[in-house]
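Just so we're on the same page: letters track the sequence lines, and every chain starts at 1. Both backbone and side-chain heavy atoms feed into the values below; hydrogens, waters and symmetry mates do not.
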There are 2 protein chains.
Amino acid sequence: MSENRSGAVGKPPTMADVARHLGISRQLVSIVMRDAPGASEETRARVREAARELGFAPHTGARTLRQTRSWTLGVLFVPAHAAEHEIVEAIYPLAAKHGYDVVLSALTDTRGLEASVEELVGHRCAALLLIGAPLEEGLMARLVDRVLVPVVSVGSGARNGDYDVIRSAGDEGMRAAVEHLVSLGHEEIAFVTLDSMPDGPLRRRGYESAVRDLGREVDLVTVPGDYRDDDYFEEAGAAAGLALLERPRLPTAVLVPNDSAAIGLLLTLARNGVRVPQDVSLVGFDDNPMSRLSAIDLTTSRQDPEMLARAAVDVAVRRIEAEPGTVRRTGELVVPTTFIARSSSAEPRRG
Amino acid sequence: MSENRSGAVGKPPTMADVARHLGISRQLVSIVMRDAPGASEETRARVREAARELGFAPHTGARTLRQTRSWTLGVLFVPAHAAEHEIVEAIYPLAAKHGYDVVLSALTDTRGLEASVEELVGHRCAALLLIGAPLEEGLMARLVDRVLVPVVSVGSGARNGDYDVIRSAGDEGMRAAVEHLVSLGHEEIAFVTLDSMPDGPLRRRGYESAVRDLGREVDLVTVPGDYRDDDYFEEAGAAAGLALLERPRLPTAVLVPNDSAAIGLLLTLARNGVRVPQDVSLVGFDDNPMSRLSAIDLTTSRQDPEMLARAAVDVAVRRIEAEPGTVRRTGELVVPTTFIARSSSAEPRRG
DNA sequence: TTGTACGCGTTATCAC
DNA sequence: GTGATAACGCGTACAA
């Protein structure tokens, strides 16, 4: 066993240390670490090796301090939102492709949007990406106003704001779901309203217009309360399930604008002896990892996290690197969803 | 609508700008921003107000560069591990209480442990906290050796390594579960083996020793494959469910060392007409948010994320602030779990 | 409370 | 490829 060295002190090595170690100049080390032109391949190899050996990594703070422009993207996300982690993960390689680093900031119960933004501003991020942030219009407005860098919001946000919005085509996802159910022969398609969710109203409207276009009745199941986090979505779905069970007669299909809620509903129905899809067809939205489980196998519309991340990074980089003169209007970019039919939806029961 | 200013450039303000704006000295602003003594309450208020107004936040890089010691904790986590987000969230306020900032680094498929650690080292973190990192012994050893700061691993890791380990008392949680089931009258208690999970073997041993102590038979349900991520845990549970259903006779109770897997198993049983707890009692481990859903209501042992986070931060801070001479041996800290009886466990079926 | 001075580790730009 | 030098924004020490 190697000697115990936890708690080891000693200052971390600097570029000068690496240079001294190799008997070369400090700026040559800098060139290598930045992948800048001006060093031979052999030198690069030697420098990298020495850096590994000495445990050297360039001081990020010193680098951002000195650099003329920032090469850091600030990403604000909500750890409690399980469905969004894939977006966050996808950002890293995309940012790297453009030459940007990423700094994460978590939005939690004890840490408001303002504290998070201040942290990212402190890191002198070139742009801020908000992933699924619970946006309050007023708060956002003040915030964007205080921040001197472009802001891109993924999954929520007002149109025509001072920031760009990337969102999934929730309305079209709902339309696809309705068309799918109608093609299976469903007449009674209920919809669980989750209007407090970002994009909730949009998805509801997609359902409503699709149902009307196809000559079916709008049937909204409302659940009380504010549902903003994943934990609560499941509860909201469970509550909707109980509401449905109290009806004299179940609809033949239920559409839920969020997979977590759909799963909560599914479990509640199952616990009460209602089989899916034999008794009721169920369709969600998101394509949560859980939805793919064989025991759930939920028909849903997939939000492609990779595409959302790519759109967000692209927009941010374009804003950052835009000529100061060419101030384009902020916009809303809609990313299509993919409808995935699984076994939670089938032909309606008879009677 | 306010004028469009996205893509706005202009350098971010500095302390000097704030000072100039107020007609005071730069270091007075510094004093206020650091909460250091030497400014009147009135001045503090004015400075804070001006900082808000100008959108000023101290340049983190410049600050860490100048400071003699680092006041940053580097947190390495896996966004895909849903169960761990509460630990990450809890770290922020705890670190703040000790005066530390937090920098997050995500471990993803496209981003190895080494890249993440390098990022944190670049930020000159005073210590590294690994949350549920999938640790390979060799990799960890090399890593800890290269990093000059203390490393604390939560939830996994080898004893006697060069880093501190914080983990839950998984063995005792399993014992509590067995005792609970036995007290309900269960004779046949099966255990789903998830040995590839960090702490998996520990929990299995807890089950085995408890079952033997109480005079019951060890009954292990093994599922093939490597299960390290949440997504796979659910599948592993589902696979275990199928394995159980193939038996001529079900045990009266099943113990699963992970809630996600337990839920996968629960769903599989439910889909196949096996009722929980009427036909089979089910006990998990973790107290996932999902386990609390009324439709699932899983009996489990709660890993307290707050306690784990507190232990990790405390150990890290102690290591950081230890006198260079007093090099204490790295250790393993065990945090107790809380057994929570819910409705997924009940008296055994007859026959 | 202010002013002055210095240095943290790096990038950037010279001339060599 | 080297070497010299300036500058980034801030913390810290000291004298006024």
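- With rounding to whole Å, A/Arg34 atom CZ is found 17 Å from C/dG9 atom P.
- By the 4.0 Å N-to-carboxylate-O rule, A/Asp17 lies close enough to A/Arg20 to be salt-bridged with it.
- In terms of heavy-atom proximity, B/Leu107 sits nearest to B/Ala133 at CD2-CB, 4.2 Å.
- Atom CG in B/Leu65 sits about 14 Å away from atom P in C/dG7, given to the nearest Å.
- When distances run from any side-chain atom of B/Met15 to the nucleotides C/dT11, D/dC10, C/dT10, the shortest one goes to D/dC10.
- Contacts of A/Ser40 with the nucleic acid, taken as non-hydrogen atoms under 4.0 Å apart, involve only primed sugar atoms and P, OP1 or OP2.
- Under 4.0 angstrom from either OP1 or OP2 of D/dG1 there lies at least one side-chain N or O belonging to A/Thr43.
- At a cut-off of 3.5 angstrom, the base of C/dG3 holds at least one donor-acceptor pair with the side chain of B/Gln27.
- Residue-level contact check: B/Ala36 touches neither bases nor backbone, having no heavy atom under 4.0 Å from any strand.
- Side-chain proximity of B/His59 to the nucleotides C/dG9, D/dC10, C/dT11 is greatest for D/dC10.
- Taking every heavy atom of both residues into account, A/Phe77 and A/Val88 meet most closely at CB-CG2, 3.7 Å.
- Between B/Thr68 and the phosphate of D/dG11, there is no side-chain N or O to OP1/OP2 separation shorter than 4.0 Å.
- Minimum interatomic distance between A/Leu28 and A/Ala39 (heavy atoms only, all atoms of both residues): CD1-CB, 3.8 Å.
- Of the side-chain N and O atoms in B/Arg26, none sit less than 4.0 angstrom from OP1 or OP2 of D/dG11.
- For the side-chain hydrogen bond (donor to acceptor under 3.5 Å, both in side chains) criterion with B/Ser30, the lone passing option out of B/Arg26, B/Gln27, B/Arg34 is B/Arg34.
- Salt-bridge annotation for B/Arg319 and B/Asp162: absent, with no side-chain N of the basic residue lying under 4.0 Å from a carboxylate O of the acidic one.
- Note: CG (A/Asp17) to P (C/dG9) measures 9 Å, nearest angstrom.
- Listed candidates were D/dG9, C/dA12, D/dT2. Nearest to the side chain of A/Arg66 is C/dA12.
- When rounded to the nearest whole Å, the span between CD of A/Gln67 and P of D/dG9 equals 13 Å.
- For A/Arg63 against C/dT10, a side-chain-to-base donor-acceptor contact under 3.5 Å is absent.
- With C/dT1, D/dT2, D/dC8 as the choices, the nucleotide that has an atom nearest any side-chain atom of A/Leu28 turns out to be D/dT2.
- Side-chain proximity of B/Thr14 to D/dC10, C/dT10, D/dT2: nearest is D/dC10.
- One interatomic measurement links the two molecules: NZ of A/Lys11 to P of C/dG7, which rounds to 14 Å at whole-angstrom precision.
- Protein atom CZ of B/Arg124 is 8 Å distant from nucleotide atom P of C/dG9, rounded to whole Å.
- In this structure, the CZ atom of B/Phe56 is 10 Å from the P atom of D/dG9, given to the nearest Å.
- Mapped onto DNA chain C by nearest heavy atom, B/Ile24 and A/Ser30 fall at different nucleotides, with B/Ile24 at the one closer to the 5' end.
- Distance A/Leu22 CG to D/dG1 P: 12 Å, rounded to the nearest Å.
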